[in-house]
Amino acid sequence: MSYAHITGWGKCIPPARISNDEISQLVDTNDEWITSRTGIKSRRVSHVSTAELATVAAKHAIACAGIDAKDIDLVLLATCTPSTMVANTASLVQKNIGAIGAAAMDTNAACSGFLYAMQAATAQIQAGMIKKAVVIAAERMTWYVNWDRRDSAVLFGDGAGAVVLEAADTPAGLLGTKTGCDSEDRDILHITNFGSDIDKYSPAGPSDLLFEGREIFKRAVKGMSEACDDVLTQANLSLDEIDVLVPHQANLRIIQAIQHRLKVDDEKVMVNIGEYGNTSAATIAIALCEAVEQGLIKPHANIMSAAFGAGLTWAASYIKWGDRVKPIAISDATLPPCEQSGLELVAAAAAACKQ
Ligand code: UT7
């Protein structure tokens, strides 16, 4: 039996941010409401493409793993905000990182995308089809945001995270996983006017992110908790054996509800939603990376992760960390400098939304 160890991790956080006070200049909201209802204090706005965010995150993960990009067999990019559809965005990332000849594929399971992609890449390694993969989650969610809609505008942000997976003989990496989708309710979270269903010769206006927040909230707690229960049973793991919980960062109250259902102590839960908001597929990839950087993840840690998103997709994973929590090397990859503030970056889109 082969396993897929996580041997590298990296992230790319775009520098421009919008605080709650600043977003209150765009929509009718305030810091007190956003903080108490969501836990979010600020979110990042990217001045570069999804592909560039993904490239920088992947370069950090590859350096961390100490591998040569030429040896990578698969570049798997989870995103619902691809830079380009044809050719896919993963092919540009493959080119940028120098993973010459590697398979390159985008995958979209919205906020569950990273765990879906981890499952797919791990399965290929376990089946002996490939030896090394880089799994990336990168999003520019602010591209979708309607700055006139306060329920969703305050929630989303941009960013990317990545891991390198390598074949190994000892049990670590993704050891338990469950993915699914409640498609009956796919309409309660969706993007309008986007995709080949629209009449491209008389488009119906800009796309818009629509959702029923309360309904999704309830389903997210139930869906993620039940998926975690299934994975714990599958992996024959008890609740007190969980060392770290790395949940999707959609709402602090959702995270706390899951934490309480799983009876996990505060100090074992990775939370960074305050800084970044909901970066869709990228939340878990970034949070996993920061959990290692902050020393929350120790060698051989048992990590539970769960996600929920449009579709309505859901996923839970049990990840066993390997021996190493220190990078083998550090990449100097960075984004180009950003001359504008977060508010300046979204000013044109915000003005268009008001018309
Ligand atoms: O990753 C998957 C996608 N994630 C999600 O879809 C998030 C899931 N849902 C949520 O996180 C929460 O439901 C929200 C944060 C979106 C909303 O929180 P809530 O506690 O469920 O609020 P609500 O929708 O029930 O709205 C309560 C009130 C309403 O006013 P009234 O009708 O009580 O007068 C809203 O109009 O809060 C109002 N409201 C706001 N007020 C200030 C909604 N958004 C805002 C806002 N600022 N940004």
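For this chain, numbers begin at 1 and follow the sequence in order. Model, not experiment: these values are computed from the prediction. We count ligands from 1, going down the list as the structure has it; atoms in each ligand are counted the same way.
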> Which of parallel (below 30°), tilted (30 to 60°) and perpendicular (above 60°) describes Trp143 and Phe194?
Replying inline: perpendicular

> Taking only heavy atoms of Thr38, which atoms of ligand 1 are found under 4.0 Å from at least one of them?
Replying inline: 15 (C)

> Taking C-beta and beyond as the side chain, do Arg149 and Leu210 meet within less than 4.5 Å on heavy atoms?
Replying inline: yes

>> Just to confirm my output: which protein heavy-atom neighbour is closest to atom 12 (C) of ligand 1, and how far is it?
In response: Asn251 ND2, 3.8 Å

> Would a 4.0 Å cut-off, counted as strictly less than, catch a protein heavy atom around atom 38 (C) of ligand 1?
Replying inline: yes

>> Need the ligand 1 atom indices (1-based, order shown) with element for anything under 4.0 Å from a heavy-atom of Val154.
In response: 48 (N)

>> Is it the case that the side chain of Asn272 and the backbone of Glu290 share a donor-acceptor pair, with hydrogens and angles ignored and the cut-off at 3.5 Å?
In response: no

> Tell me, do Phe211 and Ser152 make a side-chain contact under 4.5 Å, heavy atoms counted?
Replying inline: yes

> Are the side chains of Ile188 and Ile216 in touch, meaning some heavy atoms are under 4.5 Å apart?
Replying inline: yes

>> Applying a heavy-atom cut-off of 4.0 Å, say which part of Thr29 lies close to ligand 1: side chain, backbone, both or neither.
In response: both

> Considering only the protein, which heavy-atom contact is closest to atom 7 (C) of ligand 1, and what is its distance?
Replying inline: Phe211 CE1, 4.0 Å

> Is atom 33 (O) of ligand 1 less than 4.0 angstrom from some protein heavy atom?
Replying inline: no

> Got the closest protein heavy atom to atom 17 (C) of ligand 1, with its distance?
Replying inline: Trp33 CH2, 3.9 Å

>> Donor-acceptor pair, distance only, cut-off 3.5 Å: does the side chain of Asn278 make one with the backbone of Phe156?
In response: no

> With distance as the sole test, does Ser49 use its side chain to make a donor-acceptor pair with the main-chain N or O of Glu52 at under 3.5 Å?
Replying inline: yes

> In terms of residue, atom name and distance, what is the protein heavy atom nearest to atom 27 (C) of ligand 1?
Replying inline: Arg37 NH1, 3.5 Å

> Taking side chain as C-beta onward, heavy atoms only, is Ile13 less than 4.5 Å from Tyr276?
Replying inline: yes

> Which atoms of ligand 1 are found less than 4.0 Å from any heavy atom of His248?
Replying inline: 1 (O)

>> What protein heavy atom lies closest to atom 18 (O) of ligand 1? Include the residue and the distance to one decimal.
In response: Arg253 NH2, 3.5 Å

> Who's the nearest protein heavy-atom neighbour of atom 9 (N) of ligand 1, and how far?
Replying inline: Gly213 O, 3.0 Å

>> Just to be sure I read this right, does ligand 1 sit under 4.0 Å from the backbone of Asn278, its side chain, both, or neither, counting only heavy atoms?
In response: side chain

>> Closer than 4.0 angstrom, basic N to acidic O: yes or no for Lys11 and Glu293?
In response: yes

> Any idea which protein heavy atom is nearest atom 29 (C) of ligand 1, and the distance to it?
Replying inline: Arg150 NH2, 4.7 Å

> At a 4.0 Å threshold, what atoms of ligand 1 neighbour a non-hydrogen atom of Ala250?
Replying inline: 1 (O), 4 (N)

> Do any non-hydrogen protein atoms sit less than 4.0 Å from atom 1 (O) of ligand 1?
Replying inline: yes

>> Is it the case that the side chain of Asp106 and the backbone of Thr89 share a donor-acceptor pair, with hydrogens and angles ignored and the cut-off at 3.5 Å?
In response: yes

>> Which of the numbered atoms in ligand 1 are under 4.0 angstrom from any heavy atom belonging to Phe308?
In response: 1 (O), 2 (C)

> Knowing that exactly one of Ile40, Ile34, Val145 qualifies, which makes a side-chain contact (heavy atoms from CB on, under 4.5 Å) with Leu155?
Replying inline: Ile40

> Starting from atom 21 (O) of ligand 1, which protein heavy atom do you reach first, and at what distance in Å?
Replying inline: Arg214 CG, 3.4 Å

